[in-house]
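What follows is a single structure, written as structure tokens, with notes after it.
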Amino acid sequence: MYSKLKEIRTSKRETCEDLSAILGFKTRGAYHKKETGNVPFTLLEAKAIADHYNLRIEDIFFNNEVSNKDTAGALI
């Protein structure tokens with residue numbers, strides 16, 4: 001689900017264990033469940049990750065694409 005997060009994490013050569021430790025989780029699996037979208041991140045967790053990577057939360061967790069359906073009839 002959070003492919004952008006995984007892409008950032010792997011590009012920095014960090015593991016699930018690394019992020020798990022940053023967030024204070026006891027196991028790698030706890031983090032992995034969140035990164036795969038099985039369990040949602042809290043806002044505080046998202047902020048901690050964004051701060052760690054020196055990015056904005058929306059740069060990691062939100063898709064900035066808009067579908068054609070959403071823009072149909074919109075004034076440009």
Side-chain angles (χ1 to χ4, degrees):
M1 179 174 180
Y2 297 108
S3 58
K4 193 170 213 175
L5 174 56
K6 184 176 180 179
E7 181 182 310
I8 292 166
R9 177 179 59 75
T10 56
S11 74
K12 302 289 186 185
R13 298 179 189 225
E14 293 183 326
T15 65
C16 288
E17 289 88 356
D18 295 328
L19 271 284
S20 183
I22 288 167
L23 295 175
F25 298 155
K26 293 183 180 184
T27 65
R28 167 193 154 334
Y31 173 80
H32 182 70
K33 286 179 184 178
K34 289 186 177 257
E35 187 177 270
T36 57
N38 293 319
V39 176
F41 283 99
T42 67
L43 185 56
L44 291 175
E45 292 164 349
K47 175 80 169 108
I49 291 169
D51 289 349
H52 174 70
Y53 290 122
N54 198 28
L55 295 169
R56 299 176 311 157
I57 290 173
E58 50 271 17
D59 293 335
I60 301 171
F61 293 94
F62 296 104
N63 186 353
N64 291 328
E65 297 174 6
V66 178
S67 72
N68 288 336
K69 181 181 177 186
D70 292 338
T71 58
L75 297 175
I76 298 177

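As the structure is a prediction and not an experimental result, all values here were calculated from the model.
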State, to 0.1 Å, how close [X] and [Y] come at their nearest heavy-atom pair, and which atoms those are.
| X | Y | result |
| --- | --- | --- |
| Ser11 | Ile8 | OG-O, 2.8 Å |
| Ala46 | Ile57 | O-CG1, 3.9 Å |
| Thr27 | Ser20 | O-OG, 2.8 Å |

About how many Å separate [atom2] of [Y] and [atom1] of [X], when rounded to the nearest 0.5 Å?
| X | Y | atom1 | atom2 | result |
| --- | --- | --- | --- | --- |
| Ile49 | Glu35 | CD1 | CD | 8.0 Å |
| Arg9 | Ile22 | CZ | CD1 | 11.0 Å |
| Ile60 | Leu55 | CD1 | CG | 5.0 Å |

Is there a path from Leu44 to Leu19 through hydrophobic residues (I, L, V, M, F, W, Y) whose side chains come within less than 4.5 Å of each other?
no
Strictly by salt bridge (Lys or Arg N to Asp or Glu O under 4.0 Å), give each pair with a member in residues 10-24 just once, sequence neighbours left out.
Glu17-Arg28
Do any pairs count as a salt bridge (Lys or Arg N to Asp or Glu O under 4.0 Å) and have a residue in residues 39-53, sequence neighbours left out, and if so which ones?
Lys34-Glu45, Lys47-Asp51
With sequence neighbours left out, which residue pairs that include part of residues 17-50 fulfil the ring-ring contact (aromatic ring centres under 6.0 Å, His included) condition?
Tyr2-Phe41, Phe41-Phe61
For Lys33, enumerate each residue passing the side chain to side chain donor-acceptor pair (under 3.5 Å) test, keeping only those at least two apart in sequence or located in another chain.
none
